[in-house]
Amino acid sequence: MKKIAIFASGNGSNAENIVKYFHQNEKIKVDLVGSNNSEAKVLDRVSRYRVPTIIFNKENLMNGGVLEILEQKKIDFIVLAGFLLKIPKTIINKYVNKIINIHPSLLPLYGGKGMYGNYVHQKVLEERDKKTGITIHFVNEKYDDGAIIFQAKCLLDDNLTIKKIAKKVHDLEIKFYPKIIENILNEQN
Ligand code: GAR
């Protein structure tokens with residue numbers, strides 16, 4: 001059994017979708033959901049599935065407290081789903097090619113610190129881009145910078161709003177993120 005931890009800071013629609021996807025799976029299990037925000041909706045969303053949750057602060061993440069829990073629980077793989085803190089080197093070094101993130105744009109476009117959620121879609125709108133999409137990538141010490149695993153595109157027509165772009169991108173996230181996680185875990189030993 002491979003065990004996943006998901007880190008999320010807010011709404012948690014991706015986290016819930018991933019928990020649901022693996023709910024009955026015999027080889028892969030979401031065994032922890034962690035958040036740096038005690039008010040985050042994600043905590044409610046996943047509690048319905050009886051997934052253990054933890055709340056931690058930036059200090060716990062940096063000083064080894066979170067890593068200790070991951071190791072105690074024998075977590076194999078970490079999935080970021082709208083997680084807004086940077087993952088420290090200590091965790092990255094223990095989980096080489098075993099931490100992934102999803103970003104709501106076609107990286108390298110519109111990534112980096114402060115680029116998340118609607119800030120990304122706002123940029124797409126301002127630039128009058130004809131397409132956008134999602135990127136799933138390995139996590140390194142920089143924001144939105146690790147090797148790209150998968151991208152999916154959607155085409156944008158005129159008369160767009162941030163809300164419409166967000167919906168198109170979100171649909172791609174819901175469709176692809178769990179499947180890509182499953183593929184990676186099945187390929188890795
Ligand atoms: C998702 O759109 C994800 O791509 C984005 O946060 C949203 C979380 O939504 N992540 C980033 O922008 C990372 N830089 P959710 O909480 O409903 O899953």
Side-chain angles (χ1 to χ4, degrees), residues 4-23 30 32-49 51 53-56 58 61 77-88 91-92 95 99-127 129 131-154 156 160-182 184:
I4 300 175
I6 303 176
F7 290 174
S9 300
N11 181 34
S13 65
N14 279 283
E16 182 177 4
N17 183 47
I18 296 162
V19 166
K20 243 173 26 197
Y21 185 87
F22 291 112
H23 195 45
V30 178
L32 188 68
V33 170
S35 183
N36 59 313
N37 173 7
S38 59
E39 308 278 298
K41 205 169 162 192
V42 65
L43 298 167
D44 275 347
R45 283 181 184 268
V46 301
S47 65
R48 275 177 250 156
Y49 301 87
V51 178
T53 57
I54 51 164
I55 297 158
F56 52 80
K58 197 171 173 180
L61 188 64
F77 198 81
I78 302 167
V79 171
L80 308 185
F83 185 65
L84 298 181
L85 298 180
K86 217 190 260 183
I87 301 296
I91 297 185
I92 289 170
Y95 284 88
I99 312 176
I100 65 170
N101 181 42
I102 191 163
H103 188 78
S105 75
L106 296 170
L107 289 174
L109 289 177
Y110 318 133
K113 192 169 167 57
M115 286 305 262
Y116 60 90
N118 283 346
Y119 294 109
V120 176
H121 308 316
Q122 172 74 44
K123 270 280 178 199
V124 170
L125 198 63
E126 279 168 20
E127 298 294 325
D129 290 347
K131 62 176 193 278
T132 187
I134 60 167
T135 303
I136 297 170
H137 64 93
F138 287 114
V139 170
N140 65 13
E141 320 75 285
K142 295 186 206 150
Y143 282 109
D144 308 320
D145 186 66
I148 291 174
I149 301 162
F150 174 85
Q151 292 187 306
K153 297 185 181 89
C154 51
L156 303 175
L160 276 172
T161 59
I162 290 186
K163 212 171 156 187
K164 283 187 195 163
I165 300 174
K167 160 95 173 75
K168 278 176 178 261
V169 171
H170 187 252
D171 287 350
L172 292 176
E173 295 188 326
I174 295 300
K175 178 169 177 199
F176 288 111
Y177 205 13
K179 288 188 182 141
I180 298 297
I181 294 166
E182 188 173 32
I184 298 170

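The first residue of the sequence shown is numbered 1, and numbering continues consecutively from there. Indexing begins at 1, ligand by ligand and atom by atom, following the structure's order. Values below: all heavy atoms of this structure, side chains included; hydrogens, waters and symmetry mates excluded.
- No hydrogens or angles considered: nothing links the side chains of E127 and Y110 as a donor-acceptor pair under 3.5 Å.
- Applying the side-chain hydrogen bond (donor to acceptor under 3.5 Å, both in side chains) rule to N11 yields the partners R45; only residues at least two apart in sequence or on another chain are considered.
- Qualifying ring pair (Phe, Tyr, Trp, His ring centres under 6.0 Å) partners for H170, counting only residues two or more places apart in sequence or in other chains: none.
- For Q122, the side-chain hydrogen bond (donor to acceptor under 3.5 Å, both in side chains) partners are E126, not counting sequence neighbours.
- Relative ring orientation between F7 and F83 is described as tilted, the plane-to-plane angle lying within the 30° to 60° band.
- Judged by distance alone, the side chain of D144 and the main-chain N or O of G112 form a donor-acceptor pair under 3.5 Å.
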Need the list: ligand 1 N/O atoms against protein N/O atoms, distance under 3.5 Å, rounded to one decimal.
unit_1	atom_1	unit_2	atom_2	d
ligand 1	2 (O)	E173	OE1	2.9
ligand 1	2 (O)	E173	OE2	3.0
ligand 1	4 (O)	E173	OE2	2.4
ligand 1	12 (O)	G117	N	3.4
ligand 1	14 (N)	H103	ND1	3.1
ligand 1	16 (O)	G12	N	2.7
ligand 1	17 (O)	N11	ND2	3.0
ligand 1	17 (O)	S13	N	3.0
ligand 1	17 (O)	S13	OG	2.6
ligand 1	18 (O)	S13	N	3.3
ligand 1	18 (O)	N14	N	2.9
ligand 1	18 (O)	N14	ND2	2.9

